[in-house]
Amino acid sequence: MPDTRKPIVIVGSITMDLVTRTPRIPAIGQTLIGTGFETTPGGKGANQAVAAARLGYRVAMVGKVGDDTYGPMLLENLKRAGVEIAGMRQTAGSSGLAPMFVADDGQNAIVVVPGANGKMDRAAVDNHAELIRSAGIVLCQLEIPMDTLSYALDFCARVQVPVMLDPAPAADLPEAVWRQVAWFTPNETEAAHYAGDGMSAENTAKHLHQKGLRGVALKRGAEGAYVSVAGGRADWVKPFKVDAVDTVAAGDCFNGAFAVALQEGKDPWAAARFANAASAMCVTRKGAQASMPLRAEVEEFLAKQS
Ligand code: RIB
């Protein structure tokens with residue numbers, strides 16, 4: 001039977017992660033002996049797509065890969081996870097690449113080389129306008145050109161489709177964004193960029209609401225999440241304690257799971273609890289898309305917690 005639910009649509013990036021495993025992140029000028037190397041599918045947009053699809057929700061992605069060897073591998077991985085790829089296009093040149101270090105304590109340092117993601121243009125939005133219009137929610141990040149992001153947000157505002165924006169990597173945003181986004185989900189570093197350094201989660205959320213944002217979910221890693229709705233409830237959502245081996249894409253996992261739970265009708269704090277559980281599982285595994293848990297795994301994990 002065809003899935004008639006309104007899909008979660010991702011308009012965003014897809015990248016091949018080039019992961020060097022190392023005892024620690026090297027200092028400038030230092031040479032270390034690494035412990036491993038992998039190429040593994042990533043990119044904030046595709047990671048969020050795979051996270052939501054593995055949780056059993058209907059997901060479609062609008063994005064671009066290159067005509068290099070990585071392009072077909074990236075598309076195949078999306079398909080295998082259950083993501084609809086009719087909105088994906090192959091373009092001349094390299095796919096997005098993300099060389100990164102992942103240290104033994106799970107921390108990481110990443111450089112993103114846009115490749116095909118940098119070729120996401122207004123036409124990519126126009127060409128898939130019907131798909132985007134049909135979405136229950138659209139998920140965006142900041143690894144495609146800002147002009148394309150603005151164009152997509154304008155379109156979503158016009159057709160009244162809510163948007164969850166993961167404002168990562170941190171960048172200067174056009175003023176209109178603050179009023180166009182239903183959910184804004186920075187991590188701690190990004191929140192400092194958008195609201196100011198050294199602020200509590202409570203004050204950060206207040207500051208972001210003053211800019212015009214309605215829903216704010218602050219991702220605080222081992223501290224959990226702080227979820228706040230303008231003029232309404234604001235509360236911490238506790239983390240789950242796990243032994244992290246790789247924190248890459250934990251924030252993406254949160255966004256994918258948060259979107260799924262909101263679409264399924266959970267209130268934002270219950271949705272964040274579900275998302276905290278999914279991202280707790282994600283950090284116990286290596287890789288970006290490879291570390292996204294299945295629905296049954298998250299439910300089993302949650303059942304054990306209570
Ligand atoms: O959020 C994690 C992702 O950021 C990685 O998969 C890498 O591709 C970068 O885009």
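Counting convention: from 1, in listed order, for ligands and their atoms alike. These numbers come from the heavy atoms of this one structure, side chains and all, not from hydrogens, waters or symmetry mates.
- Closest heavy-atom contact between L218 and A201: CD1-O, 3.4 Å.
- Residue, atom and distance of the protein heavy atom nearest to atom 4 (O) of ligand 1 are K44 NZ, 3.1 Å.
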Intermediate values then yes/no, side chain to side chain contact (heavy atoms under 4.5 Å, CB included), V237 and D235: CA-CA 6 Å; V237 181; D235 256 327; 5.6 Å; no

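- Distances between N or O atoms of N47 and those of ligand 1 include at least one value under 3.5 Å.
- Under a 4.0 Å criterion applied to the non-hydrogen atoms of V112, ligand 1 contributes the atoms 9 (C), 10 (O).
- Interface atoms of ligand 1 facing A98, defined by a heavy-atom separation under 4.0 Å, are 7 (C), 8 (O).
- Cation-pi geometry between R21 and F101 is not met at under 6.0 angstrom from the ring centre and within 45 degrees of the axis.
- Residue D252 has at least one heavy-atom neighbour below 4.0 Å for each of these atoms of ligand 1: 1 (O), 2 (C), 3 (C).
- Taking a cutoff of 4.0 Å between a charged side-chain nitrogen and a carboxylate oxygen, R295 and E264 qualify as a salt bridge.
- Listed by atom number, the atoms of ligand 1 under 4.0 Å from G42 heavy atoms are 6 (O), 8 (O).
- The shortest heavy-atom contact between A52 and G256 is CB-O, 3.8 Å.
- Heavy-atom proximity to G43, at under 4.0 Å, picks out these atoms of ligand 1: 5 (C), 6 (O), 7 (C), 8 (O), 10 (O).
- Short contacts between ligand 1 and T15, defined as distances under 4.0 Å to a heavy atom of the residue, involve ligand atoms 8 (O).
- Those atoms of ligand 1 that come under 4.0 Å of a heavy atom in A288, given as number and element, are 6 (O).
- Taking the charged nitrogens against the carboxylate oxygens, K64 and D121 do have a contact shorter than 4.0 Å, which makes a salt bridge.
- In this structure, atom 6 (O) of ligand 1 lies nearest to the protein heavy atom D17 OD2, 2.6 Å.
- The cationic atom of R214 (NZ for Lys, CZ for Arg) does not lie both less than 6.0 Å from the six-membered ring centre of W183 and within 45° of the ring axis.
- Atoms of ligand 1 lying under 4.0 Å from at least one heavy atom of E143, given by number and element, are 4 (O), 9 (C), 10 (O).
- E175 CD: 12 or fewer foreign heavy atoms inside a 6.0 Å radius.
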